[in-house]
Amino acid sequence: MKFNVHGKTLQQQLAAVSKVVNAKNALSILDNFLLEVKEDSLLITGSDQETVMTARMEITNQGLDGKIAINAKRLMEVVKEVSNFPLTFEIEENTGVVDLLFPGGHFSFMGVDAAEYPQSFETDDLSIEMTIPAEVIQSGLDYTLFAISSETIRPMMTGVFWDFHEDDITFVGSDTHKLVRYINSSYRPGRNTSFILPGKPAGILRSLIGKDTEFVKIRKDDKSAIFSFGDFRLGCRFVKGNYPNYNRVIPQDNPNELTVDRQVLLAAMRRVSLFASKASSLVKMSMDDNFVTLQAQDLDYSTKADERIGCSYEGNRLSIGFNSVYMLEVLNNLPGEQIIVKLSDPGRPGLFMPFEQKENENLVMLQMPMQVIE
């Protein structure tokens, strides 16, 4: 097996596929990339058993088709050092010897029998196929990924929920402390189906969808999906279980409405949160007339802070407590200069949303309140 490739292009594709490969694997074969030559294409595959990714790139094939597994860390280190050169790979599949030639030099190292590498899983014959605009998926993941949980005690909350309806697609992320619901009606699936995409493949998908990607093709069954776009193919298994009814936790009657500059509130929250209790990160928000006052204190260190900023407020006087860490995440991920905060009472969640929703979009971020002891 012999082929020519430019080092920089190879380095870029290896970096993309490496996002799937774990630093430590239960199966040692998964420490490797699978390299497969098919006519004028090189397919680079990485896997952690639950997620499989393949990148395709054009090559000049000077020999027979074939495949071999090569240690991912070693190959990336080697290619990085010669990325500015045209490269020639000469691989002896029977012995596993890999010769890498570049102008003025030569590397030789060992590969692994490709037969040991796990086969990529396929969706079953009853799979559903959809072609979704890439910008819809990009926006959905941009808004929701930060809100998912990292605690495996609630596995359903460790992924992004994709909820397809006849006339829209809804993305949901939640860790039970905060929740994001993003509805996009510019794409109409024409069917009702759903799945929970784990955080790792969701993050990879988000990072690889580029400006040049117009559509993402999805083929799915009840257990897994394959996402195809550009030169990439990403397959993964879904998180098992039923996602909670997210609409039920979003309060509908919120008579108190705060309109405020997002950056002003964000900066004030950062400053005041420096004096919040390390144990609770509690910051109290008090709304009255056209001002909102932020207050925090740490009784253990006898410190406190307060700051008042201008706003537009309609409703009754109200004080409500929020975890400042989650609040900063929400404010950082909300779009627009002005935002609206809808509140009911100190014991019910607060709703955060852009002042102006984009056409065919509806974005709501929810944060659970904390008890305030006066």
Side-chain angles (χ1 to χ4, degrees), residues 12-22 25 27 29-30 32-38 41-58 67 69 72 114 117-141 144-145 148 155-156 158-164 169-172 184 187 189-210 212-241 243:
Q12 292 171 347
Q13 298 300 74
L14 291 176
V17 177
S18 69
K19 298 176 186 293
V20 175
V21 181
N22 290 333
N25 294 286
L27 299 176
I29 189 63
L30 297 180
N32 298 270
F33 290 127
L34 176 66
L35 271 60
E36 184 174 5
V37 173
K38 289 185 176 181
S41 296
L42 172 65
L43 303 178
I44 307 167
T45 299
S47 173
D48 65 0
Q49 290 188 288
E50 294 297 315
T51 305
V52 181
M53 181 174 170
T54 299
R56 175 192 172 278
M57 60 182 298
E58 293 184 358
K67 54 186 176 180
Y117 206 86
Q119 295 293 315
S120 298
F121 62 85
E122 295 286 343
T123 55
D124 62 31
D125 294 335
L126 300 177
S127 60
I128 296 173
E129 290 190 9
M130 295 177 283
T131 301
I132 304 175
E135 61 182 0
V136 173
I137 295 176
Q138 182 83 65
S139 297
L141 296 179
T144 56
L145 257 176
I148 69 173
M156 284 83 71
T158 61
V160 175
F161 184 51
W162 300 45
D163 198 7
F164 296 85
I169 175 173
T170 300
F171 296 83
V172 183
N184 192 304
Y187 169 73
R191 67 174 77 240
N192 293 309
T193 186
S194 62
F195 57 82
I196 307 173
L197 185 65
K200 180 178 179 179
I204 294 172
L205 183 61
R206 175 194 181 193
S207 68
L208 292 179
I209 295 178
D212 297 332
T213 307
E214 292 187 22
F215 296 97
V216 176
K217 181 179 179 181
I218 302 178
R219 208 166 86 246
K220 67 171 286 287
D221 55 26
D222 292 337
K223 298 179 180 179
S224 58
I226 295 174
F227 301 82
S228 302
F229 53 100
D231 293 325
F232 300 106
R233 183 176 182 269
L234 179 67
C236 65
R237 303 191 191 282
F238 299 143
V239 177
K240 296 179 180 178
Y243 204 80

Asker: Would you name the heavy atoms of Lys200 and Lys19 that are closest together and state the gap between them?
Answerer: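 It is CE-O, 3.5 Å.
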Asker: Nearest heavy-atom pair of Leu145 and Gly203: which atoms, and what distance?
Answerer: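 Nearest heavy atoms, Leu145 then Gly203: CD1-CA, 3.7 Å.
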Asker: Taking atom CD1 of Ile132 and atom CZ of Phe215, what is their separation to the nearest 0.5 Å?
Answerer: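 Here the interatomic distance stands at 11.0 Å.
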Asker: Within a 6.0 Å radius of atom CD on Glu58, are there more than 12 heavy atoms belonging to other residues, nucleotides or ligands?
Answerer: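 Atom CD in Glu58 is not crowded, with 12 or fewer foreign heavy atoms closer than 6.0 Å.
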Asker: Please round to the nearest 0.5 Å and tell me the distance separating atom CZ of Phe229 and atom OG1 of Thr131.
Answerer: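 If I round to the nearest 0.5 Å, the distance is 13.5 Å.
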Asker: Report, as yes or no, whether the 6.0 Å neighbourhood of atom CD on Glu129 holds more than 12 heavy atoms from other residues, nucleotides or ligands.
Answerer: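 Above 12, so yes.
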Asker: Is there a side-chain contact (heavy atoms from CB on, under 4.5 Å) between Thr54 and Glu36 once you walk through the steps?
Answerer: CA-CA 10 Å; Thr54 299; Glu36 184 174 5; over 6 Å; no
Asker: Using 0.5 Å steps for rounding, measure from the CD1 atom of Ile218 to the OG atom of Ser127.
Answerer: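 Taking CD1 in Ile218 and OG in Ser127, the distance rounds to 12.0 Å.
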Asker: Under a 4.5 Å cut-off applied to non-hydrogen side-chain atoms, are Arg206 and Gln138 in contact?
Answerer: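 Contact flag for Arg206/Gln138 side chains = yes.
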Asker: Minimum heavy-atom separation for Met53 to Val20, with atom names?
Answerer: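 Smallest interatomic distance, heavy atoms only, reads CB-CG2, 3.4 Å.
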Asker: Which distance, rounded to the nearest 0.5 Å, do you find between the CZ of Arg219 and the CD1 of Ile128?
Answerer: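 If I round to the nearest 0.5 Å, the distance is 12.5 Å.
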Asker: Kindly indicate whether the side chain of Phe161, heavy atoms from C-beta on, has any atom under 4.5 Å from the side chain of Thr144.
Answerer: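 Side-chain contact under 4.5 Å: no.
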Asker: Do side-chain atoms of Gln13 reach the backbone of Arg56 as a donor and acceptor pair under 3.5 angstrom?
Answerer: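 A pair under 3.5 Å: yes.
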Asker: Please tell me if the side chains of Leu208 and Phe227 come closer than 4.5 Å, counting only heavy atoms from C-beta onward.
Answerer: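 Not touching, per the 4.5 Å side-chain cut-off.
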Asker: Taking all non-hydrogen atoms of both residues into account, name the closest pair between Phe164 and Pro189 and its distance.
Answerer: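 Heavy atoms only, the tightest pair is CD2-CG, 3.7 Å.
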Asker: Starting at SG of Cys236, measure out to NZ of Lys220 and round the result to the nearest 0.5 Å.
Answerer: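 That separation rounds to 11.5 Å.
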Asker: Is there a donor-acceptor contact under 3.5 Å from the side chain of Lys223 to the main chain of Arg237?
Answerer: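 No; judged by distance alone, with no hydrogens or angles, the pair does not exist.
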Asker: Got a donor-acceptor contact below 3.5 angstrom from the Ser47 side chain to the Gln49 backbone?
Answerer: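 Yes, Ser47 side chain to Gln49 backbone: donor-acceptor pair under 3.5 Å.
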Asker: Quick check: are there more than 12 heavy atoms from other residues, nucleotides or ligands sitting under 6.0 Å from CG of Asp212?
Answerer: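 No, not enclosed.
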Asker: Using 0.5 Å steps for rounding, measure from the CD1 atom of Ile148 to the CD1 atom of Ile196.
Answerer: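 It is 11.0 Å, given to the nearest 0.5 Å.
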Asker: If you define the side chain from C-beta out and look only at heavy atoms, does anything of Val136 sit under 4.5 Å from Phe171?
Answerer: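 The answer is yes, as the side chains (C-beta and beyond) meet within the 4.5 Å cut-off.
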Asker: Provide the closest heavy-atom pair for Leu141 versus Trp162 in the form atom of the first, atom of the second, distance.
Answerer: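 In terms of heavy atoms, the two residues are closest at CD2-CZ2, 4.1 Å.
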Asker: Which heavy atom of Leu30 sits nearest a heavy atom of Asn25, and at what distance?
Answerer: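 Scanning both residues, the minimum pair turns out to be O-ND2, 3.4 Å.
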Asker: So do the side chains of Thr45 and Tyr117 get within less than 4.5 Å of each other, counting heavy atoms only?
Answerer: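 Heavy-atom side-chain distance check passes, below 4.5 Å.
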Asker: Heavy atoms, side chains only, cut-off 4.5 Å: are Met57 and Asp231 in contact?
Answerer: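 Counting from C-beta outward, Met57 and Asp231 never come under 4.5 Å.
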